[in-house]
2 protein chains.
Amino acid sequence: MTPPSGGRRRSDTRHAILLTATRLFLVRGYHGFSFQHLASELDLRTAAIHYHFRTKADLGVTLLRRFRDEFDWWRASCDQLALNGASRLERFYALDRSYVAEGRVCPLSVVGVEYAGLPAAVRREADALLDEVHAYLLASVQAGRDDGSLTVPGDTAAIARQILAATQGALQLSRVQGATSYEDVLAGLRSLLGVH
Amino acid sequence: MTPPSGGRRRSDTRHAILLTATRLFLVRGYHGFSFQHLASELDLRTAAIHYHFRTKADLGVTLLRRFRDEFDWWRASCDQLALNGASRLERFYALDRSYVAEGRVCPLSVVGVEYAGLPAAVRREADALLDEVHAYLLASVQAGRDDGSLTVPGDTAAIARQILAATQGALQLSRVQGATSYEDVLAGLRSLLGVH
DNA sequence: GTCTATAACGTGATAGAC
DNA sequence: GTCTATCACGTTATAGAC
């Protein structure tokens, strides 16, 4: 689930900051956590964090870039399996579901809500992540049609958006309503896609 | 679209604060706006806002209660029309779509993302709003089955959640990807529901 | 290279003037 | 009843010690 941390990491403190920041970002949003929250959890001074990340926007950019790297790694390992379209989607749901289990929302949800208030650099990273996820779904729908595992009519890009919207919305709901609501949404989605 | 403001309003300033706060809340999230943002937009001192709303949490509660009142009013006026189930859903989409047009997300989305970081009183209001919206959708799906305007199998509550998840996710996406993505999602939803 | 002390600023809140 | 002056604190950021 987590990508290999390519060789020795830059710094343990930096890594610890990123781990905690990731969690707080997904649970409380970008504006919902501060350097002070990080510092107190990690038993550091806030200024120590500024050494590793010049500004909070820098930290935000790094967080999103990591999500993107993780997704790239996940997608690559997924491509190697040579799955059919429907299975590719199921793997995506499983990835999403891992957020549910931890009471988080997916980074794209956070960004979707806070978008207008985010630093421009953070927004740009978010856009890039969204593009990548969309591309994965698009390729999966296309593949599913070609290999016959999906029998849904209509524009491929539109269908990819439907999948993304449904899973994003489901993640949000599940946070307030509990994990079963996520599965309910998936059931509807599978039916829509004509999964065999 | 906006409910009648039942008689003379308490105070113009108070009303102006609520209008601006509503917009900022929907565009930037609860933690994404401050009394200072409000004050500078309205040419007030921040303390003036504290007169009308004792704390920020109070303001948040009032905001959500107003969303709920608005929704109640909307639902009542909707009930009077004696629409069939499918039309009731279409009206709901139209309500949602009005958010898209203004680059907002629905209050439920905001809450979904920031949930853990919100003051408890605000969370309670959010839960109540979610319950009401869910109840409306549930009744609509039930009605649609009875009157034959919807032909979707499965548990009614699960279907209501699917609708909510899809529309919530669509709102979010549309903010980053543009308004057409919202319509794409609706198309899929109608197909899933077997709208006649 | 890493972190501490400290500053500068933004934020929510109070007391009191009008 | 309404708002201004001011406060205490939290938040981000800098300069400099080790």
Side-chain angles (χ1 to χ4, degrees), chain A residues 5-64 110 114 116-123 125, chain B residues 5 7-25 27-64 110 114 116-123 125:
Chain A
S5 57
R8 200 166 160 289
R9 47 166 113 62
R10 272 210 258 180
S11 146
D12 281 344
T13 304
R14 183 188 156 93
H15 190 241
I17 293 169
L18 279 172
L19 284 184
T20 305
T22 299
R23 180 170 48 77
L24 290 179
F25 174 75
L26 292 179
V27 172
R28 317 187 32 131
Y30 179 82
H31 291 295
F33 78 94
S34 68
F35 277 30
Q36 202 156 283
H37 291 132
L38 293 172
S40 77
E41 275 206 39
L42 296 167
D43 197 30
L44 288 172
R45 265 28 64 193
T46 62
I49 299 170
H50 277 280
Y51 166 70
H52 297 280
F53 304 95
R54 211 176 52 78
T55 69
K56 189 179 176 184
D58 285 339
L59 173 58
V61 166
T62 306
L63 283 180
L64 284 179
V110 178
E114 296 187 304
L118 293 176
V122 176
R123 268 200 309 253
E125 286 300 323
Chain B
S5 57
R8 203 170 157 288
R9 46 166 139 0
R10 273 210 259 179
S11 146
D12 281 344
T13 303
R14 182 189 157 92
H15 190 240
I17 292 169
L18 280 172
L19 284 183
T20 305
T22 299
R23 179 170 48 78
L24 290 179
F25 174 75
V27 171
R28 316 184 35 131
Y30 180 82
H31 291 295
F33 77 94
S34 67
F35 277 30
Q36 203 155 283
H37 290 132
L38 292 172
S40 77
E41 276 206 40
L42 296 166
D43 197 30
L44 288 172
R45 267 25 64 195
T46 62
I49 299 169
H50 277 281
Y51 166 69
H52 296 281
F53 303 95
R54 211 176 53 78
T55 69
K56 189 180 177 185
D58 285 338
L59 174 57
V61 166
T62 306
L63 283 180
L64 284 179
V110 177
E114 296 187 305
L118 292 178
V122 175
R123 268 201 309 253
E125 288 298 323

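Note: hydrogens, waters and symmetry copies are ignored here, and every other heavy atom, side chains too, is used. In what follows, every chain begins at residue 1, and chains take the letters A, B, ... in the order their sequences are listed.
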Engineer: Any side-chain N or O of B:Thr13 below 4.0 angstrom from OP1/OP2 of D:dC3?
Structural biologist: yes
Engineer: A side-chain contact here means heavy atoms from C-beta on lying under 4.5 Å apart; do B:Arg28 and B:His37 qualify?
Structural biologist: yes
Engineer: Name the pairs: protein N/O against N/O of nucleotides 12-16 of chain D, kept only if under 3.5 Å.
Structural biologist:
residue : atom : partner : partner atom : Å
D:dT12  : OP1  : A:Lys56 : NZ           : 3.3
D:dT12  : OP2  : A:Phe35 : N            : 2.8
D:dA13  : OP2  : A:Lys56 : N            : 3.1
D:dA13  : N7   : A:His50 : NE2          : 2.9
D:dA13  : N6   : A:Thr46 : OG1          : 3.4

Engineer: Using a cut-off of less than 4.0 Å, is there contact between a side-chain N or O of A:His52 and OP1 or OP2 of C:dC3?
Structural biologist: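 Answer yes for this pair, as a side-chain N or O of A:His52 is under 4.0 Å from OP1 or OP2.
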Engineer: Specify the separation, in whole Å, of atom CZ of B:Arg45 and atom C1' of C:dC18.
Structural biologist: 15 Å
Engineer: Is there a side-chain contact between B:Glu125 and B:Thr62 in this structure, where contact means two heavy atoms from C-beta onward sitting under 4.5 Å apart?
Structural biologist: no
Engineer: For the atom pair NE2 (B:His50) and CG (B:Asp58), what is the distance rounded to the nearest 0.5 Å?
Structural biologist: 10.0 Å
Engineer: I need the CD1-P distance between A:Ile49 and C:dC3, as an integer number of Å.
Structural biologist: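 Result: 11 Å.
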Engineer: So how far is it from A:Ile17 CD1 to A:Ser11 OG, rounded to the nearest 0.5 Å?
Structural biologist: 7.0 Å
Engineer: Between A:Lys56 and A:Phe33, is there a side-chain heavy-atom distance shorter than 4.5 Å?
Structural biologist: yes
Engineer: In whole Å, what is the span from the NE2 atom of B:His15 to the P atom of D:dT2?
Structural biologist: 15 Å
Engineer: For B:Leu44 and D:dG1, give me the distance from atom CG to atom P, rounded to whole Å.
Structural biologist: 19 Å
Engineer: Nearest whole Å is fine: how far is D:dC3 P from B:Phe53 CZ?
Structural biologist: 12 Å
Engineer: From CZ of B:Arg10 over to P of D:dT2, roughly how many Å is that when rounded to an integer?
Structural biologist: 10 Å
Engineer: What is the distance from atom CG of A:Leu63 to atom CZ of A:Arg23, rounded to the nearest 0.5 Å?
Structural biologist: 12.5 Å
